[in-house]
Amino acid sequence: MNPADLQLSLAPFQGITTPLFREVFTRHFKGVDKLYTAFFTGGHIRQKNADHPDLAHTHQNGVPVAPQILSKDAEEILLFGRQCRDKGFEEINWNMGCPYPRVANKGRGSGLLPHPDKVEQILESVFPALPVKLSIKCRLGYFSPDEILSLLPVLNRFPLSEIIVHARIGKQLYEGPVNLSAFASALPLSKLPVAYNGDIFSKEDLTKLQQQFPTVNHWMIGRGLLYDPFLAARLKNIPIPENSQFVLYYYVTELYRAYREKTEDRIAALHIMKEFWSYFSNSFANPDQVFNQIKTCVTFSDYEGKISEIFEKSF
Ligand SMILES: Cc1cc2nc3c(=O)[nH]c(=O)nc-3n(C[C@H](O)[C@H](O)[C@H](O)COP(=O)(O)O)c2cc1C
């Protein structure tokens with residue numbers, strides 16, 4: 001495949017891939033074709049979403065954003081779709097992948113996957129009134145990777161724009177290996193475009209997946225991009241700047257400054273940065289050591305000192 005045809009998206013991470021993060025990320029790094037908001041729930045939707053900062057931009061640095069909803073209520077999905085249409089979005093994404101028991105036990109997120117009948121009822125009410133495109137992000141199942149085999153014939157009946165499959169089951173949470181053979185069994189059953197998500201960390205990972213699944217051309221990447229923000233450029237053969245360590249330094253510094261401004265210098269900014277570093281420390285040769293340095297900071301000046309130390313060693 002021509003690298004230019006490759007579609008890459010940044011997976012949503014609640015609390016990490018905030019609008020502010022996406023803004024700073026796409027300013028510094030090339031190669032990502034699409035962004036997703038973390039999920040909105042019914043509570044958010046019924047309150048004034050119009051002012052929600054996560055719906056403030058249909059594009060960030062030219063990259064389109066798809067807002068995501070976690071719901072099992074057709075009315076809520078329609079309401080969200082209308083709110084998003086009014087703000088200029090073209091697509092919303094329905095989260096059927098969230099694995100957490102408090103979500104799944106209430107039949108939301110991946111808890112919907114064992115119930116194709118419920119999914120069908122919801123989609124019948126949502127289409128054709130929905131004024132925007134609808135894509136789905138799901139897993140192979142909640143209890144078993146076979147669940148998707150019963151779900152796909154139902155999804156095929158609706159004009160969904162895409163099904164993004166995270167190749168795990170809900171019960172796995174984020175643990176254990178991705179199940180490529182189950183993904184391979186499901187893929188031919190879909191008449192809709194299917195995107196792949198799960199454990200893409202390097203060019204070798206993507207190349208293997210492309211060889212195994214040549215019909216897939218959209219690859220959603222989460223941790224891989226949080227660990228190595230140049231990954232999308234690497235995958236597309238876009239040249240990496242020679243001063244890449246400086247770019248990383250500016251990226252981290254801008255993120256920190258922006259969170260301090262947003263939180264009006266509250267210590268919450270430090271907590272957010274620690275969460276960010278729990279992923280980003282993996283871009284260093286000694287991730288545990290780097291993360292420990294950050295984790296133990298209690299003040300902004302501690303943090304700033306550690307950042308200088310960490311980057312001085314890497315320049
Ligand atoms: C802390 C955390 C928050 C997440 N938040 C969301 C979310 O809001 N919506 C969603 O669809 N997936 C969410 N995910 C799942 C990721 O988008 C992605 O599917 C998962 O990390 C697997 O992709 P990866 O192996 O490329 O990281 C979250 C994952 C983690 C670890």
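Numbering of ligands and ligand atoms starts at 1, following listing order.
- Rounding to the nearest 0.5 Å places OG1 of Thr253 at 8.0 Å from CE of Met273.
- Short contacts between ligand 1 and Arg223, defined as distances under 4.0 Å to a heavy atom of the residue, involve ligand atoms 24 (P), 25 (O), 26 (O), 27 (O).
- Shown in contact with Tyr279 at under 4.0 Å from a heavy atom are these atoms of ligand 1, numbered in order with element: 1 (C), 31 (C).
- Within the 4.0 Å heavy-atom criterion, the part of Lys137 lying near ligand 1 is the side chain and not the backbone.
- The backbone and the side chain of Gln14 each have at least one atom closer than 4.0 Å to an atom of ligand 1 (non-hydrogen atoms only).
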message = side-chain hydrogen bond (donor to acceptor under 3.5 Å, both in side chains) for Asn61 and Lys30? Distances and angles first, verdict last.
response = CA-CA 10 Å; Asn61 295 301; Lys30 295 194 178 16; over 6 Å; no

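- Near Ile221, the atoms of ligand 1 lying under 4.0 angstrom from a non-hydrogen atom of the residue are 26 (O).
- Relative ring orientation between Tyr36 and His218 is described as parallel, the plane-to-plane angle staying below 30° on a 0-90° scale split at 30° and 60°.
- Using cut-offs of 30° and 60° for the angle between ring planes, the Phe276 and Phe280 rings count as parallel.
- Ring orientation note: the planes of Phe213 and Tyr196 are close to parallel, at an angle under 30° on the 30°/60° scale.
- Within the listing of ligand 1, atoms 7 (C), 8 (O), 9 (N), 10 (C), 11 (O) sit less than 4.0 angstrom from a heavy atom of Gln68.
- In this structure, Leu152 and Val194 have side chains that are not in contact, with every pair of non-hydrogen atoms separated by 4.5 Å or more.
- Scanning all protein heavy atoms for the shortest distance to atom 19 (O) of ligand 1 gives Asn197 OD1, 2.7 Å.
- Every atom of ligand 1 with a heavy atom of Phe39 under 4.0 Å away is listed here by number and element: 7 (C), 8 (O).
- Crowding of Tyr250 atom OH: a count of heavy atoms from other residues, nucleotides or ligands under 6.0 Å not exceeding 12.
- Of all the heavy atoms of Asn95, the ones lying under 4.0 Å from any atom of ligand 1 belong exclusively to the side chain.
- Taking 4.5 Å as the limit, some side-chain heavy atom of Phe21 sits within range of a side-chain heavy atom of Thr18.
- At the shortest separation from atom 26 (O) of ligand 1 among protein heavy atoms lies Gly222 N, 2.7 Å.
- Heavy-atom proximity to atom 7 (C) of ligand 1, evaluated over Gly198, Pro12, Cys138, is greatest for Pro12.
- Given atom 21 (O) of ligand 1, the protein heavy atom at minimum distance is Phe13 CZ, 3.3 Å.
- Not a single heavy atom of Gly224 lies less than 4.0 angstrom from ligand 1.
- Where the criterion is an N or O separation shorter than 3.5 Å, residue side chain and backbone included, Arg168 fails it with respect to ligand 1.
- No side-chain heavy atom of Phe39 sits less than 4.5 Å from a side-chain heavy atom of Pro12.
- Using a 4.0 Å cut-off between heavy atoms, Tyr100 makes no contact with ligand 1 at all.
- Taking the six-membered ring where the residue is Trp, Phe311 and Phe284 present perpendicular rings, their angle passing 60° and hence far from 30°.
- Using a 4.0 Å cut-off between heavy atoms, Tyr174 contacts ligand 1 through its side chain alone, with no backbone atom that close.
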